[in-house]
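Numbers here simply count residues along the sequence, with the first being 1. Numbering of ligands and ligand atoms starts at 1, following listing order. This is a predicted model, so every value here is computed, not measured.
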Amino acid sequence: MQTELANTFMSGPDERGFFGKFGGRFVSETLMPLILALEDEFGRARNDPNFWAEMEDLWKHYVGRPSPLYLAERLTEHFGGAKIYMKRDELNHTGAHKINNVLGQILLAKRMGKNRIIAETGAGQHGVATATVCARFGLECIVYMGVHDVERQAPNVFRMRLLGAKVNPVTSGRGTLKDAMNDALRDWVTNVHNTFYCIGTVAGPHPYPLMVREFQSVIGREAKQQMLEREGRLPDTLVACIGGGSNAMGLFHPFLDDRNVRIIGVEAGGKGVDERMEHCASLTGGRPGVLHGNKTYLLQDGDGQILEGFSISAGLDYPGIGPEHSWLHDTGRAEYVAITDDEALEAFQQCCALEGIIPALEPSHALAHVAKIAGGLPKDHLICMNMCGRGDKDIFTVAKALGLDIKTE
Ligand SMILES: *Cc1c(COP(=O)(O)O)cnc(C)c1O
């Protein structure tokens, strides 16, 4: 099959940052020199064995990589079909995959002599990962966070402060993630000389989508090797949840040219993907436009206004999606589906009860899709889903959604 295809899916983006018609760098003149300097340094670091040696060392001793590939026997038995493997990235230091990427960008910042790190955060997970690594390297850390999110995510705000970061509440726009990202971009232009902007997902202007994908691809490289060791062959299906798409891109990328591997991205369907727009499924329910320096599928109204996403999972409510996913969607190499809040909640509880793993609400969406397909697949079919985050942070949300009182039940 492989020989029928002239092109590889792994070589993108092109030199201007395009994956097909998606991606690019739609930025102001003032931002361009910063982006180009970053691209240069990333290009050098990418080919520097010393850079990767330092990454490997930190991944191993600070993050706890490689994360295990775990056969979820009881879930497998419960659904009675495909064998369900979990890539256990929730076991990483700070409880999710985000730190894989943050470490890479902070090492780049150090190479560039930048000692002031800025980041945007929605749910606070990327802010916490960035504050963590800045503490580790003694760097100043400023996190932009919508006022609305500062209120909703108090524990993560406190974590960031404990780690020495300054949290800047953003009041512009609707005071959420999209606005925090705009303010961070403005800060960057203003403080060019000493500032590095650490983006948390495969979005933003080129080279960010490429760079973040490269740092997160450690997930897929490990999973591939581990599956070969365990089963002697590649998985048949990959499943990962999508906010901006970084954990999914990290798992998917090393498998893109393995044409027999089916690839499924799971978006947040919220209360359902329909005209009420109470969801966060940019691919399943949005259309192409430009946001945060790149062209991609976005949630927008008839006039092209960007809409706020809605999901029970705070980490999935980014109104866009990484441009590489938009391209994989349009080329048909990957499939994208949506899972509702209720379906994710059910998968969350199943995973707790049957596997003794409290998953984050984000990967609970991936698990819910696994639950839908596993039973209909043969017993020798291998599914690998990305368990990209742990659920300790979500217990209050889950209690509320289930109508339970966390103090008495
Ligand atoms: C931030 C986050 C996500 C969403 O981000 P991606 O870039 O789509 O991976 C998903 N899961 C967890 C656990 C997160 O913290």
Salt bridge or not for Glu39 and Arg25, using N-O below 4.0 Å? yes
Return yes when Ala248 approaches ligand 1 closer than 4.0 angstrom through a heavy atom, no otherwise. no
Ligand 1-proximal atoms of Lys98, by part, heavy-atom distance under 4.0 Å: side chain
What orientation do Phe42 and Phe215 show, parallel under 30°, tilted 30 to 60°, or perpendicular over 60°? perpendicular
Take atom CD in Glu29; do more than 12 heavy atoms of anything else shown fall under 6.0 Å from it? no
If the threshold is 4.0 Å, N to carboxylate O, is there a salt bridge linking Glu140 and Lys166? no
Using a strict 4.0 Å cut-off to heavy atoms of Glu362, name the atoms of ligand 1 that fall inside it. 10 (C), 11 (N), 12 (C), 13 (C)
Note: Glu355-Arg74 ion pair, threshold 4.0 Å (strictly below): no
When distances are taken from atom 4 (C) of ligand 1, the protein heavy atom at minimum range is Gly315 O, 3.3 Å
Ranked by distance from atom 6 (P) of ligand 1, the top protein heavy atom is Ser246 N, 3.3 Å
Verify the distance criterion only: is there a donor paired with an acceptor across the side chains of Thr94 and Thr132 at less than 3.5 Å? no
Which one holds for Ile242 and ligand 1: side chain close, backbone close, both close, or neither close, with close meaning a heavy atom under 4.0 Å? backbone
Got an N/O contact under 3.5 Å between Ala360 and ligand 1? no
May I ask you to say whether Glu90 pairs ionically with Arg390, meaning some side-chain N is under 4.0 Å from a carboxylate O? no
for atom 13 (C) of ligand 1, nearest protein heavy atom and its distance come out as Gly389 CA, 3.5 Å
Which bit of His97 is near ligand 1, meaning a heavy atom under 4.0 Å away: side chain, backbone, both or neither? side chain
For ligand 1, which atoms have a heavy atom of Thr201 less than 4.0 angstrom away? 6 (P), 7 (O)
Is a side-chain donor or acceptor of Arg333 paired with a backbone partner of Leu256 at a separation under 3.5 angstrom? yes
Regarding ligand 1, does Val202 bring an N or O atom to under 3.5 Å of one of the ligand's N or O atoms? no
For Met249, is the nearest heavy atom under 4.0 Å from an atom of ligand 1? no
Tell me which one of Arg230, Arg88, Arg65, Lys60 satisfies salt bridge (charged side-chain N to carboxylate O under 4.0 Å, His left out) with Glu222. Arg65
Under a 4.0 angstrom heavy-atom cut-off, which atoms of ligand 1 come close to Gln125? 15 (O)
